[in-house]
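See below for the structure under consideration.
Side-chain atoms are counted along with the backbone in the values below, which use heavy atoms only and exclude waters and symmetry mates.
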Amino acid sequence: QYDEKTNYPVITLVLHFDYKNHWEGPKTLLDSMTVPEELKPYVNDYRMNLFEIAWLRDDQVKKFKSDFRIVADYFTQMRKNKDYVPSKATIKHVDAVLKLLAVFTGDHRYEDIITEYHEGRIEEVTNMCEVIDAWMAEGRTEGIKEGEAKAVYSLLQKGRISLEDASEELNIPVTEIE
């Protein structure tokens with residue numbers, strides 16, 4: 001902006017995503033450091049523009065027009081209900097939203113959904129309902145595999161199938177089964 005005729009302000013925003021606790025840190029520059037009283041008149045006390053996303057009211061969340069509305073909705077629901085009921089709102093920037101949710105929730109299944117989509121294992125992801133559906137399908141698949149493995153192990157323990165047959169059925173080496 002140095003050479004521009006019109007300068008624009010730079011605004012710093014702090015987005016706090018914790019849905020269990022309010023922000024407890026300092027909210028001004030002077031609150032974040034120790035300054036002797038005689039120097040305080042000379043120190044600019046900048047205020048933090050803090051937004052506690054999970055603590056927004058429903059009417060505030062509804063004012064968002066971008067994909068951020070979906071993110072804010074997730075965190076407010078988690079704070080209020082300890083659960084998330086997905087929205088059918090269309091996600092315009094799927095990668096960005098799911099990566100943001102992965103980072104701020106610590107749940108890397110969001111990144112797994114992106115990978116599965118890009119690898120063609122998931123047809124389409126346009127809203128959070130489809131994200132949750134993909135998780136459920138993955139869980140069902142894992143559950144079926146686990147159930148099949150337990151059945152094979154049970155048959156093996158009862159002597160109804162051989163170690164080699166169990167190895168072939170489970171697609172794992174005999175040494176691992178042993």
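- Contact detail for Glu164 and Val174: the closest heavy-atom pair is CA-CG2, 4.4 Å.
- The list of side chain to side chain donor-acceptor pair (under 3.5 Å) pairs with a residue in residues 53-63, not counting sequence neighbours, reads Arg57-Asp59, Asp58-Lys80.
- Across Val71 and Leu101, no two heavy atoms sit closer than the pair CG1-CD2, 4.4 Å.
- Cluster membership check: Leu155 shares its hydrophobic cluster with Ile172, using side-chain heavy-atom separations under 4.5 Å among Ile, Leu, Val, Met, Phe, Trp and Tyr.
- Side-chain N or O atoms of Asp67 include none that pairs as donor or acceptor with a backbone N or O of Val97 at under 3.5 Å.
- Within 6.0 Å of CD in Glu24 there are 12 or fewer heavy atoms belonging to other residues, nucleotides or ligands.
- By the 4.5 Å heavy-atom criterion applied to side chains, Leu15 and Phe75 are not counted as neighbours.
- Note: Trp23 and His16 have perpendicular aromatic rings, judged against thresholds of 30 and 60 degrees for the angle between ring planes.
- Remark: Thr28 OG1 to Leu50 CG distance equals 12.0 Å, nearest 0.5 Å.
- Relative ring orientation between Tyr19 and Tyr74 is described as perpendicular, the plane-to-plane angle rising above 60° on a 0-90° scale split at 30° and 60°.
- From Glu38, atom CD reaches atom NZ of Lys40 across 10.0 Å, with rounding to the nearest 0.5 Å.
- Atom CZ of Phe64 sits in a crowded spot, with more than 12 heavy atoms from other residues, nucleotides or ligands closer than 6.0 Å.
- Here the closest heavy-atom approach between residue Glu111 and residue Ala102 is recorded as CG-CB, 3.7 Å.
- Connection of Val10 to Leu29 is not established within any shared hydrophobic cluster, with ILVMFWY side chains joined at heavy-atom distances below 4.5 Å, either directly or through further cluster members.
- For the atom pair CG (Asp45) and CG (Asp31), the distance works out to 6.5 Å, reported to the nearest 0.5 Å.
- In this structure the side chain of Val61 reaches within 4.5 angstrom of the side chain of Arg69, judged on heavy atoms.
- Rounding to the nearest 0.5 angstrom, the gap separating the CG atom in Leu163 from the CG atom in Leu156 is 6.0 Å.
- Here CZ of Arg47 is found 14.0 Å from CG of Leu30. Values are rounded to the nearest 0.5 Å.
- Distance check, rounded to the nearest 0.5 Å: CG of Asp107 to CG of Asp112 gives 8.5 Å.
- No continuous path of ILVMFWY side-chain contacts below 4.5 Å connects Leu13 to Tyr46, so the two sit in separate hydrophobic clusters.
- Considering all non-hydrogen atoms of both residues, Pro173 and Ser167 come closest at C-OG, 3.8 Å.
- Connection of Met48 to Phe17 is not established within any shared hydrophobic cluster, with ILVMFWY side chains joined at heavy-atom distances below 4.5 Å, either directly or through further cluster members.
- Here the closest heavy-atom approach between residue Asn21 and residue Asp18 is recorded as N-OD1, 3.2 Å.
- Residues Ala72 and Ile53 approach most closely at CA-CG2, 3.7 Å, considering heavy atoms.
- Remark: side-chain polar atoms of Thr76 are not paired, donor with acceptor, to backbone N or O of Ala54 under 3.5 angstrom.
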